[in-house]
Trainee: 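Sending over a structure as structure tokens; questions will come in a sec.
The shown structure was predicted, so the numbers you read here are calculated from the model rather than taken from an experiment. Every chain is numbered from 1 and lettered A, B, ... according to where its sequence line falls, protein lines coming before strand lines.
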Amino acid sequence: MVLDRIKFFGQRNKQLLGMLGAIAVMLLVLSISVENFMTWTNITNLLAQVAPIAFMATGITFVLITKGMDISGPAVMAASSVIAVAFITSFKVITAVHLISGCMILLLAGGFFGFINGLAIAKLKMVPLVVTLSMMTVATGLATVLGGARGLPTIPSAYANFFNKYTVIVMVILISSALDFLLTGTSFGRKVYYIGNKEETARISGINTDNVILIVYIICGICAALAGIVNVAIISTARASMGPQSQILDVVSAAVIGGVSVQGGKGRVRDACLGAFLIVGVNNVMNLIGVSDYFTTLIKGSIIIFAMGISSFRQFYFSRIRA
Amino acid sequence: MEKKSPLQLKNISMTFPGVKALNNVSFTAHQGEVLGLVGVNGAGKSTMMNILGGLLQPDKGSEIIINGESVKIKNPRVAEDLGIAFIQQEVAAFETMNVYENVLASDFDKWRKNRSPFLNKKAMKEEVRKHLATLDCYIDVDTPTHSLTVGEKQMVQIARALSQGGQILLFDEPTASLSDHETQKLFEIINNLRTQGYIIFYISHYLDEIFEMCDRVVALRDGQKTGEAPISEINKEKLVDMMIGHFVETTERKNSRDKDDIILRAENITGVKFPRNISFDLHKGEILGVWGLLGSGRSELFNTLLGFDKMVEGTISFNQNGELCEINHKDLYQHVGYLTEGRHHNGVFLDMTIAENITSSDLDRFASKGIGILNNRKEKEESRKYMKQVNVKAVDENMIVSKLSGGNQQKVIISKWMLKDPDILFMDEPTKGVDVGAKAEIQNLIFDRSEKGVSFVVVSSELEEIMNLCDRIIVIAEGKLVGEVNRDDFSKEALMAGIVKQEEKVENEQVQVG
């Protein structure tokens, strides 16, 4: 009886088990190859480093499940951060109130960028890749202009003290769990899966698909803003370069490694976050072992292709059985 | 020579996870005969065809013998080499390429000029013309395929099968999307091929076609062979008996509704192309048929009425609390169910479970107030209830819909709309691609619901079905309303009359223009 239940759980959570296995292997390699790796400080540092990618991977999971795409994440993160920091540093005396309202503005800005993306995609039926590509350029430009030639001043250390690594870890766990539940346990989440599976059918079933898609992109924008909150704490200011455009690769790979299907309809926030952990972890392993950067990108790329290969193969295999 | 049998199937079994799709089926196909394969949805016909086509591998112990040699059909390529060609239900073609490119698509390599990368187009066209000529089909080989009619595309597909040297042709529901005229043409061609000594498998839900075309039938039920007989020795009742074991009777419609309470009034509904200026009333508990030829704008009428296509003009009124008042598309859809024609295109979520499919029509019922937490247990309980009511055959409600047979998928969609419990249910071809047994079940369900006050608007291409089902039929042609017939006056002639008149009118107009 108990065995059956374990077997059933395993069948439904193959992705999760695979991820946990890969993470275990990674940690094993790390603890063998690096002396004193398994210390509390190291592990918590690593977890905190994962946070920005994990937040953005959470957001993009929603988008990918609807068969959409949002590559503007890092750029939106930078732009919202710059807007917020510019607001905070415009005051002579900065108090906690300013910092808190700064955070609010950051989140609002992220949500607003997402809203624009969603509006263009859901209502105007524009192609997601094109829309978010343009948004990426616009947001980067905006961050550069607002950041000014000499850069923004730093914000008080109270901010960094509050958003220390423990707060960040708790934030990631709480927020991604909440969003995971939103996706798998609520009617809104179910509608997201319906749309990814077959948008036409969803519309005929009486679901307001446009609205759901719009909200999905807003969520993605807010998630990018959350990554911004964490990153501002790390560098105590904001600048356009804090969200390099190439970072989107890490974000999408985290989701894909976590089993989120680029063809829509499949995936979970939980697994995407584990994917983020794996991606950042692999970066760290390479760094610590002393592999050169060139090799790091090469190996990361191979891992992504391998992960996608496994999922396509699985689909191919099952479709043959079904046919 | 006469009794030589080039295709023998011995003890074919096929096991899917949890289901035995075929169980020790054996039969023989002779040269120069049309062998009908009949059975209800899920009986195993498609599985059998997929095994022959190399798409599925049968269980151990199965044996396929062609020309006295035992063969293993590992993939479609092997099937092709063995001369087995599959003419599919939904015609598949490379839409943007020419006819001759389509016909020879599978072996371009043969047509290279002296091993150069260039193709010998002249010889290719010649070859294709030859094959089309044997089919009595003289379409220009340079026409792009997308401009062909469905029937012509099918000819292209058959020509392709012949060009590959096919000896065994599998026709899976070939007439499903053909007009009457095209069907006749196809029959001629099949007869022609029969005399030339091909082995032809013919699968169809239309029993009339089976009797017209086939020399022999093999009946399957639940993966087992339940009968095999020359067609001349059996009649329809016997065949249905072989297919379903028992005869499902359709109850007669009791026409008892009083005509006072109108639930929906549509006035001057006009879309971009179709429909044009259509008005009708729908009474409570009435089953209203919409009849017209393919392409007459039947589906467009539904789409425009329900707001999926743009409505240029028109008003819709809905009976709320005893009063007819004007209503917009969005509010109307709250009270309406819509079973569409394209099951895979917009009917089901193929990769989701039966329960998730059924509850999609009224998901909010299972969600808590506020953030909408879903009650999974209640969802599954309700789904089970409707699966039982509609008689969906499946292991349980957690089964993925793509694993179900076509008829059962259709029943899942019907369950889905039953769950919403709408006042009006629009159904576009509710029994398309559904077997005899399920067809009767679906009809009985419609009768049962209409007794309880649900109104139906039904489109069907099958005259007999629509006449059996409906209280009243409106006839449309060229997007216009051309007639209305009450149940007492139902006859093929009455229904066709309006259409014929309309077509004559159009022809006359064309003559005048010409």
Trainee: Is it the backbone or the side chain of T359(B) that comes under 4.5 Å from a heavy atom of chain A, or both, or neither?
Mentor: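 Both parts, heavy atoms under 4.5 Å.
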Trainee: Could you tell me the separation between the CD atom of E397(B) and the OG1 atom of T353(B), rounded to the nearest 0.5 Å?
Mentor: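 Reported to 0.5 Å precision, the distance equals 8.0 Å.
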Trainee: In terms of heavy-atom proximity below 4.5 Å to chain A, should T340(B) be classed as side chain, backbone, both, or neither?
Mentor: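 T340(B) touches chain A through side-chain heavy atoms alone.
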Trainee: Which region of N376(B), side chain (C-beta onward) or backbone (N, CA, C, O), has a non-hydrogen atom less than 4.5 Å from a non-hydrogen atom of chain A, or is it both or neither?
Mentor: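 The side chain, not the backbone.
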Trainee: Which region of D362(B), side chain (C-beta onward) or backbone (N, CA, C, O), has a non-hydrogen atom less than 4.5 Å from a non-hydrogen atom of chain A, or is it both or neither?
Mentor: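 Answer is neither: D362(B) stays 4.5 Å or more from chain A.
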Trainee: So what's closer than 4.5 Å to chain A heavy atoms on V348(B): side chain, backbone, both or neither?
Mentor: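 Just the backbone, heavy atoms under 4.5 Å.
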Trainee: What residue among L419(B), I413(B), D421(B), I414(B) forms side chain to side chain contact (heavy atoms under 4.5 Å, CB included) with W417(B)?
Mentor: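 That would be I413(B).
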Trainee: Is F349(B) close to chain A through its backbone or its side chain, or both, or neither, when contacts mean heavy atoms under 4.5 Å?
Mentor: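 Both parts, backbone and side chain.
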Trainee: Do any N or O atoms from the side chain of E379(B) and from the backbone of E356(B) form a donor-acceptor pair under 3.5 angstrom?
Mentor: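 Absent.
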Trainee: As an exercise: rank K191(A), R203(A), E199(A), K198(A) by heavy-atom pairs under 4.5 Å with chain B and give me the winner.
Mentor: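 Looking at each of K191(A), R203(A), E199(A), K198(A) in turn, K198(A) comes out on top.
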Trainee: Salt-bridge test for R298(B) and D428(B): reply yes if a basic N is under 4.0 Å from a carboxylate O, no otherwise.
Mentor: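 Not counted as a salt bridge, because no side-chain N and carboxylate O are separated by less than 4.0 Å.
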Trainee: Can you list the steps and then say if R190(A) with D364(B) is a salt bridge (Lys or Arg N to Asp or Glu O under 4.0 Å)?
Mentor: CA-CA 11 Å; R190(A) 176 67 64 74; D364(B) 290 330; over 6 Å; no
Trainee: Quick check on K420(B) against chain A: is it the side chain, the backbone, both or neither that has a heavy atom closer than 4.5 Å?
Mentor: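 Nothing of K420(B), per the 4.5 Å heavy-atom cut-off to chain A.
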Trainee: Can you say whether F181(A) sits under 4.5 Å from chain B via the side chain, the backbone, both, or neither, judging by heavy atoms?
Mentor: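 Only the side chain of F181(A) comes within 4.5 Å of chain B.
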Trainee: Parallel, tilted or perpendicular for F318(B) and H335(B), by the 30°/60° rule?
Mentor: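 Answer is parallel, since the angle falls under 30°.
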Trainee: Specify whether F426(B) and Y338(B) have parallel, tilted or perpendicular ring planes, treating 30° as the upper limit for parallel and 60° as the lower limit for perpendicular.
Mentor: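 Ring orientation of F426(B) relative to Y338(B): perpendicular.
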Trainee: Under a 4.5 Å heavy-atom cut-off, does chain B meet the side chain of I207(A), its backbone, both or neither?
Mentor: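 It is the side chain, since no backbone atom gets that close.
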